[in-house]
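What follows is one structure encoded as structure tokens, with my remarks underneath.
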There are 2 protein chains.
Amino acid sequence: MLKNDRYIKAALSQAVDKTPVWMMRQAGRYLPEYRKIRGEAGSFMALCTNPELACEVTLQPLRRYDLDAAILFSDILTIPDAMGLGLRFETGEGPVFDRPIKTQADIEKLFVPDIFDKLGYVTDAVSTIRKGLNGDVPLIGFSGSPWTLATYMVEGGSTKNFGKVKGLMFTDPKAMHQLLEVLAKSVAAYLNAQIESGAQAVMLFDTWGGVLSTDDYKNFSLNYMCQIISELKREHDGEKIPVTLFTKGGANWLDAMADSGADCIGLDWTIDIDDARARIGHKVALQGNMDPCILYSTPEKVTEAVGDILKRFGNGNGHVFNLGHGIHPTIDPENVKAYVDAVHNLSEQYHK
Amino acid sequence: MLKNDRYIKAALSQAVDKTPVWMMRQAGRYLPEYRKIRGEAGSFMALCTNPELACEVTLQPLRRYDLDAAILFSDILTIPDAMGLGLRFETGEGPVFDRPIKTQADIEKLFVPDIFDKLGYVTDAVSTIRKGLNGDVPLIGFSGSPWTLATYMVEGGSTKNFGKVKGLMFTDPKAMHQLLEVLAKSVAAYLNAQIESGAQAVMLFDTWGGVLSTDDYKNFSLNYMCQIISELKREHDGEKIPVTLFTKGGANWLDAMADSGADCIGLDWTIDIDDARARIGHKVALQGNMDPCILYSTPEKVTEAVGDILKRFGNGNGHVFNLGHGIHPTIDPENVKAYVDAVHNLSEQYHK
């Protein structure tokens, strides 16, 4: 039994006493205690693949702040790595694959990895973190979306223009669909394995869906996320497992996202949350949507910005407070305290 | 008198026989003849600051393709350079300022540069290109928007997170407004100088407006573009000067952009042009909106994509065909031919 189930309830659009709050990348470089462990571990992947260390950094922000959820410490690119692409993190360059997807033959060779074999370090981390949390708050599991994973797999790493992956998509849509199909099956298996290991909610990160046109987004990104959502376990150990779908830059497509089967839709900060709510009504809960750069300012400004978003959402259920994207590494941890406390202090009035 | 005034007419929502077409960054690295001149010049800025060379590369794409407009070859960061920030282009790093804006005192020191003195190489390029064009097609002048220029000036170059410039905006909005005010005055003077020197249309590039929330976009970006537009000469030598406003990622704010005073609004590819037209009616013309990555595919696919956008816009005036962003350096020039020809071949039916 969870001592604090605000996050679960809000993501399922149920009544809560206060708006729950967490942050994408809340376990991360802005915390000196994270940088210490990360330095000792030697590399980012050494942290991800060690369940004890992954648990430790997952719990760090919860010791400092009154957060309503923990999120598994991991990377979105674990699946392509398990598929044999060879993930490395280069300083200043971000993720790099040693064996990116270059040909149709490369796609033919891919198969759904055995999650508990190849990604046992993730499911072990999930169960270790669950023990560490001791029922205080729920643990969110996650995966990158098929389209987002495909961008890195075809580009070989980060990209500005998405020329290779879109080149494949426009030139050989059949091959692209084949790649996305195996990724969708893998992501569904991966998230279900996280749920079986103890994740009490899951989130799909579609970091790069927003670089597509409307038709391409629906065909090559949303379509596969809907397929995944339909295959997810929505209950485990008698508890509902809320699913959140987040497409950065997806404001144009909120209506379609609300029909995806997800319980909750993540918003970045480029759309006002009152507009989003007006557009999709009570169909799903909304997560977001403060510009993470507001945390570069002062506690007073942060408190004011939190108050504005709460007021825009207004009375009623179905709001999970979050940033519109991951917290940046150079944020002052003091401003995070102002953010978390403001959400709790200012939201009670909207839940009476 | 222009031999081909399709671009001017379409941008002013007047009747044309075929939809005009051009490309952002049409003078650029995808052309071998550009790479040759760029190599000989030694640096990007050496090209920009030499009116003869700037003219030559401006004309290059017009020799290959049946384009309906030329655009001044220059950079969006010429104004901050003229303000004394010291612009350099580092290989693989993009633009870098030697003396970025760090303090309130740095902002206090800025003033509107004497355009014909400090940016005479631009106005000279404009008049040289006008001679070179010999009335074939119109010449478009341009500038970065104040917000977009400010991002580079405060960050010191390119950025992923916009932490410094947004930090300033959120912490000291007054200082930010002071910076944007001097930039708005400078941009207006700069564009008017281009018009006086022969630019027959102008465009404001708000490359980074899309990273803002709605309120911040309106206060810190659109607001200053409206101010500039109100100060522009809209007629020169008895001819109307159409003004185009382009905010990448601005689909959410089309209605506000349509009220900016601009004649034409540039669209990226993340919104369907039929939706955009339905939202803003006949208030302004629309420019766009093909995903530049479609040019990575085949002439057949390019032709199909052009046909789809023309069909979506449908019958009537007020469409300038363009990509939704600049052409990428690794595009095959053959596909550009398919793009330009398809616009002319397939658009006549919509102008009867």
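Throughout, a chain's letter reflects where its sequence line sits, starting with A, and its residues are numbered from 1. This structure is a prediction, so every number in the text was calculated from the model and none was measured.
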**Asked** Top residue by heavy-atom pair count (under 4.5 Å) with chain B, among A:G210, A:S213, A:G167?
**Response** A:S213
**Message:** Closer than 3.5 angstrom, by distance alone: can the side chain of A:N252 be matched with the main-chain N or O of B:T270 as a donor-acceptor pair?
**Reply:** yes
**Item:** Per-residue contacts, residues 168-179 of chain A versus chain B, heavy atoms under 4.5 Å
**Value:** A:F170, A:T171
**Message:** Return the NZ to NE2 distance between B:K166 and A:H328, rounded to the nearest 0.5 Å.
**Reply:** 6.5 Å
**Request:** Just do the side chain to side chain contact (heavy atoms under 4.5 Å, CB included) check on A:T214 and B:I271 with the steps written out, would you?
**Result:** CA-CA 6 Å; A:T214 298; B:I271 183 167; 5.8 Å; no
**Request:** Just jot down the ring pair (Phe, Tyr, Trp, His ring centres under 6.0 Å) partners of A:F73, sequence neighbours excluded, or say none.
**Result:** A:Y34, A:F44
**Request:** Can you measure from SG (B:C293) to NZ (A:K164) and round to the nearest 0.5 angstrom?
**Result:** 12.5 Å
**Prompt:** Top residue by heavy-atom pair count (under 4.5 Å) with chain A, among B:D272, B:T298, B:N289?
**Reply:** B:D272
**Prompt:** Where does A:N161 contact chain B at under 4.5 Å (heavy atoms): side chain, backbone, both or neither?
**Reply:** both
**Message:** If you count every heavy atom of other residues, nucleotides or ligands that lies below 6.0 Å from A:E334 atom CD, does the total exceed 12?
**Reply:** no
**Message:** If you count every heavy atom of other residues, nucleotides or ligands that lies below 6.0 Å from A:K301 atom NZ, does the total exceed 12?
**Reply:** yes
**Item:** Option that, when pairs with chain A are counted at under 4.5 Å, heavy atom only, ranks first among B:Y296, B:W269, B:W253, B:Y217
**Value:** B:W269
**Asked** Taking atom CZ of B:R38 as the centre, does the number of heavy atoms from other residues, nucleotides or ligands within less than 6.0 Å exceed 12?
**Response** yes
